[in-house]
Peer 1: 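Sharing a structure here in C-alpha cells format.
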Amino acid sequence: MHTQHWERIVRGLGLGCAIAGVARMGMTPTSMIWGFNSVPELACGLAACMLMAFFSFGLYFAQSRETGVLGGITIGAIMLGNLLTACVLWGYLVYGGFGDENHALNNASGMVSSAGVLGGTLALAILTWRAKVFPRAAVFGLLGMLASMALPWTEWFAFFWGLSYVIMGYCMWSGKLAKRPASPSAGISA
C-alpha cells in the first residue's frame, strides 16, 4: 500500500479516536449532572465504547513499527474490553439494569473487560512512552485514567481516558506525530 494511502487511513482513524475520546469525556459531566449510571452517562459510555472498539486500531497503526506485535495484542485487548463493556451498557440501557450481577457470565465478561481495558491501557501507556510517536501528554492522560480509579470522584476516570484519546487522535488526524527515520526496507511494516 502506498504511503499516502496509509497516511490517509491513519488520519481517518485518528479523527475517529478523537471523536471517541470526546464521547468518553462526556461521561464525566453527565455523571456529575445526572448521576452515576444515568441514561445520559451510559449513552456517552456506549458511544465511546463502540467508537473505541473500532478506531483504536489507529493507535496501533500510528506506532506499529515501534510497538510491534505486543502493541497489536495490547490494542486487541483494549478493543475486546470496549466491546464487552458496550454489550453491558447496551443491556443496562435497554433493560434498566445489569441483570443477575452474580451470574457466571456477568462475572467472566466483567473480568475479561476489565483486564482488557485496564491492563491494555497500562501496557499502551508503557509502549506509547517507549515509542515516542505521540506527545507525553497522551501517556499522562492514560496514567491519569488509571490513577483516578483511586480517587473518591470516579467521574474523572472517563475524563482522563477520553482526553488521552483526543490527544492521540488529534495528533494522528493533523499529522503531528513524531517523525520517524526512513526505513531502508520498502513498504509499510504495520
Peer 1: Which residue, L142, L146, V117, forms the side-chain contact (heavy atoms from CB on, under 4.5 Å) with L122?
Peer 2: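 Of the listed options, the one satisfying the test is L146.
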Peer 1: Under 4.5 Å between any side-chain heavy atoms of R24 and N82, yes or no?
Peer 2: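 Heavy-atom side-chain distance check passes, below 4.5 Å.
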Peer 1: State, with a plain yes or no, whether a side-chain heavy atom of F134 is found less than 4.5 Å away from one of V139.
Peer 2: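 Sidechains of V139 and F134: no contact.
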Peer 1: Is there a side-chain contact between E155 and S148 in this structure, where contact means two heavy atoms from C-beta onward sitting under 4.5 Å apart?
Peer 2: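 No, their side chains stay 4.5 Å or more apart.
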Peer 1: Which heavy atom in L127 sits nearest to a heavy atom in G71, and how many Å separate them?
Peer 2: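 L127 and G71 have their closest heavy atoms at CD1-CA, 3.7 Å.
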Peer 1: What heavy-atom pair brings C49 and L89 nearest, and what distance separates the two atoms?
Peer 2: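 Answer, listing the atom of C49 first, then L89: SG-CD1, 4.1 Å.
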Peer 1: Quick check: closest heavy atoms across S113 and G81, and the distance to 0.1 Å?
Peer 2: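 Shortest heavy-atom contact: OG-O, 3.1 Å.
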Peer 1: For the CZ atom on R130, are there more than 12 heavy atoms of other groups (residues, nucleotides or ligands in this structure) within a distance under 6.0 Å?
Peer 2: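 Open.
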Peer 1: Considering residues at least two apart in sequence or located in another chain, which fulfil the side chain to side chain donor-acceptor pair (under 3.5 Å) criterion with T74?
Peer 2: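 Here no residue qualifies.
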Peer 1: Please check if atom CZ in F157 has more than 12 non-hydrogen atoms from other residues, nucleotides or ligands closer than 6.0 Å.
Peer 2: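 Yes, enclosed.
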Peer 1: Between V10 and L124, is there shared hydrophobic-cluster membership here, with clusters defined by ILVMFWY side-chain heavy atoms closer than 4.5 Å?
Peer 2: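 Per the 4.5 Å side-chain linkage, V10 and L124 are co-clustered.
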Peer 1: Could you list the donor-acceptor pairs under 3.5 angstrom formed by side chains in residues 159-175, with sequence neighbours left out?
Peer 2:
unit_1	atom_1	unit_2	atom_2	d
S164	OG	W161	O	2.7
Y165	OH	S56	OG	2.7
S174	OG	Y170	O	2.8

